[in-house]
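Okay, structure first, notes after.
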Amino acid sequence: MDNQKKDARKLALEKLRHSTSHVMAQAVLEIFPDGKVAIGPAIENGFYYDFELPRSLTPEDLAQIEARMQAIVKNDFPFIYEEISSAQAKKLFQGQPYKIELIQDLLAKDPKAVLSIYKHSDFFDLCRGPHLENVRQIQAPAIKLLHVSGAYWRGDEKRPMLQRIYGTVWSSKKELKTYLHQVEEAKKRDHRKLGKEMDLFSFQEEAPGMPFFHHKGTFIWNSLVSYVTDIMVRKNYEINKTPFILNKSLWLQSGHWDHYKNNMYFTKIDEQDFAVKPMNCPGNILVYKTKQHSYRELPIRAGEFGLVHRHELSGVLSGLFRVRCFTQDDAHVFCTKEQMKAEIKDLIDFMDEVYSRFGFQYKLELSTRPEKAMGSKKIWDLAEDTLKEVLIESKKKYKINEGDGAFYGPKIDFHLTDAIGRDWQCGTIQLDFQMPEKFDMTYIGEDNQKHCPVMIHRAILGSVERFLGVLVEHFAGHFPLWIAPVQIKIIPIREDHYAYANKVQEILKAAGLRSELDVRDERMQAKIRVAQLEKAPYMIIIGDKEVAESKISIRTKSGKNINDLGLENFIEKCQKQVQEKSIELDETLA
RNA sequence: GCCGGCAUAGCUCAGUUGGCAGAGCAACUGACUUGUAAUCAGUAGGUCGUUGGUUCGAUUCCGACUGCCGGCUCCA
């Protein structure tokens, strides 16, 4: 589909969904005549509408509302656009406080604003549109109400909580079915489900929001860290390790005490206040300050895989994606202003290398000076221009998020697109002119004077744990061979094949390959089934024939069989894939 | 934190109006000795998340707490 067609289709769906949300509001008001309506926009994949109702909605209510909607769209009700005066509007929406507030806001923004309503049947709503021509254009079987949830009026926790009904609608029943199927498929990849099934990690009531990594999950975690470490070594990074608990005075100095206190954990040691680190920068700044630095040493690239704790609201915790403790693959580059550009360029290359290793595409976003920024506009302009120049020179497309930068500097965020098209923000590059000053960091320049270095914060995986979760969903649990905790499942057919199977496992182990031997008293079919469910990339089947000929037979994860293979040959093929860190499994072994 | 839902065996889940708690898989024992996604039989396994209350009696009804799930950004 070309872009124009895509936009047209998007617009058509938006009209459909927005119109359906009006129909839903009509249905809800028929059931609850005293209900108050708030807003009801079209959203990605559907729509919602917020209501204030006399009681909480139940799933039965949803079914009833849906049935009502399906009846409404069978009528010949045209959508009628009408422009109204502010006085008319206020009269029309008497008794609808949320609408009145919206009207007042619109007029406050622009006293001459044109207000409009859309009517269909006896329902009308303050609305800019656009809408369909007639409710008949909505296919009854293509409507589905999904769930009801709480939502603060205007997203503000200090304002009343409304009931939000989420629904979806498509141009046909078939499209609805396809969509629901996609949702089901996405659910099958849920890292929380796969993490449990594959014995990667767990969560315990004793530590909400703090993952427990099991043996296999830890293996992947370590692999990620060592993969990134290898590149850091190549790129001349230093790697530090700083304490988890640091004195309050440090956090006062860094500004975290003022800006980040609500998300921090505290403790008292020997009558003194300490905080558990929510970020690694202050610790690494202390490391920098342990000695005097010359301009000749710069840039200093100081990495740390630092475990940070942040107190997130209990209601937002979610698997590995939203946690209260995680390991940042953090680094701080201390450099001169002149070196900034080259360093950022190098970081973009770093990101590119890591993300393409896992087959991710990515999008870039540049966030600029926020309202409450620290430092002069001049220095911000320099920082923003530097980032822009680098992006242009690197031939990267990017989107600008005006005013979305950190209070200490602008940043570039990397959004990965996974195998089923979902976006995940992972990497970040942030320019910081504030911390070095606050901490009185210096280097001796060519002119024999003290200068303040520029600091670049960066993370590539972001959170190692979260990235692992993204990988689980991206690969649906089928990890590339180099990172799969169990690469090979060895399946002896009968007990008298165990000795040979053991020997095979020893040889694999000596070759650096990870295998598990299934010696349960089960039939081969049962063992294959389990190996398949465990998502083992390769299975080695060992029976009479293999023992007699000193060969192996392979079954790949997708069920292909390769018989009479020499073990050495197989090992070579595996080692090659591991070495190359291939994404796709070699299923031919030719 | 707030709104709504959920919490039963290691896992996935049943449990009818309140009356001694169930299945499948897994585990264990035994038999079977098997060629590309589940061999058969038997055994054991539960303070029904925690805690108060109502009741002769609570997994079931009511309250509190804890945890998990879906939301709380999409601006008429």
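Letters A, B, ... mirror the listed sequences (proteins, then strands); counts begin at 1.
Here A:D518 does not pair with A:K489 in a salt bridge; the nearest charged N to carboxylate O distance is not below 4.0 Å. The existence of a salt bridge linking A:D496 and A:R494 is confirmed by a sub-4.0 Å separation between a basic side-chain nitrogen and an acidic carboxylate oxygen.
The stretch residues 539-549 of chain A touches RNA chain B through A:I541, A:G543, A:D544, A:K545, A:E546, each having a heavy atom within less than 4.0 Å of the strand. Near-neighbour residues of RNA chain B inside residues 206-218 of chain A, defined by a heavy atom below 4.0 Å, number-ordered: A:P208, A:G209.
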Identify each donor-acceptor pair in which a side-chain atom of residues 316-326 of chain A lies under 3.5 Å from a protein atom, sequence neighbours left out, and give them as a table.
unit_1: A:R322; atom_1: NH2; unit_2: A:E312; atom_2: OE1; d: 3.1
unit_1: A:R324; atom_1: NE; unit_2: A:E312; atom_2: O; d: 3.0
unit_1: A:R324; atom_1: NH2; unit_2: A:E312; atom_2: O; d: 2.8

For residues 470-477 of chain A, please give each side-chain donor-acceptor pair under 3.5 Å, one per line with the distance, not counting sequence neighbours.
unit_1: A:E473; atom_1: OE1; unit_2: A:R422; atom_2: NH1; d: 3.1
unit_1: A:E473; atom_1: OE1; unit_2: A:R422; atom_2: NH2; d: 3.1
unit_1: A:E473; atom_1: OE2; unit_2: A:H191; atom_2: N; d: 2.7
unit_1: A:E473; atom_1: OE2; unit_2: A:H191; atom_2: ND1; d: 2.9
unit_1: A:H474; atom_1: ND1; unit_2: A:A419; atom_2: N; d: 2.9
unit_1: A:H474; atom_1: NE2; unit_2: A:F358; atom_2: O; d: 3.0

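Annotation: salt bridge (charged side-chain N to carboxylate O under 4.0 Å, His left out) contacts of A:E365 (sequence neighbours excluded): A:K399. Listed by chain and number, the residues in a salt bridge (charged side-chain N to carboxylate O under 4.0 Å, His left out) with A:K545 are A:D564 (sequence neighbours excluded). Residues passing the side-chain hydrogen bond (donor to acceptor under 3.5 Å, both in side chains) test with A:D199, sequence neighbours excluded: none. With sequence neighbours excluded, no residue satisfies side-chain hydrogen bond (donor to acceptor under 3.5 Å, both in side chains) with A:Y498.
If you find the closest nucleotide of RNA chain B to A:V316 and to A:Q532, the one lying nearer the 5' end belongs to A:Q532.
The distance between atom CG of A:L317 and atom C1' of B:C72, rounded to the nearest whole Å, is 14 Å. As rounded to whole Å, 5 Å separates atom C1' of B:A38 from atom CZ of A:R529.
A:D122 CG to A:E30 CD: the interatomic distance, rounded to the nearest 0.5 Å, is 7.0 Å.
OP1 or OP2 of B:G71 has not a single side-chain nitrogen or oxygen of A:Y48 nearer than 4.0 Å.
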A correct 5'-to-3' footprint of nucleotides 3-15 of chain B, with B, S and - meaning base, sugar-phosphate only and no protein heavy atom under 4.0 Å, is BS-------S---
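B:U17 and B:A58 have their C1' atoms separated by 14 Å, with the value rounded to a whole Å. Using P as the reference atom, B:A23 and B:G53 are 34 Å apart when rounded to the nearest Å. On the P atoms, B:U8 is 12 Å away from B:U47, given to the nearest whole Å.
The stretch residues 35-56 of chain A participates, sequence neighbours left out, in these salt bridge (charged side-chain N to carboxylate O under 4.0 Å, His left out) pairs: A:D50-A:R164, A:R55-A:D61. Sorted by first and then second residue, the ring pair (Phe, Tyr, Trp, His ring centres under 6.0 Å) pairs with a member in residues 530-550 of chain A read A:Y538-A:F570; sequence neighbours excluded.
In secondary-structure terms, RNA chain B builds stems of at least 3 consecutive Watson-Crick or G-U pairs, each pair having both distances under 3.5 Å, at B:1-7 with B:66-72, B:10-13 with B:22-25, B:27-31 with B:39-43, B:49-53 with B:61-65.
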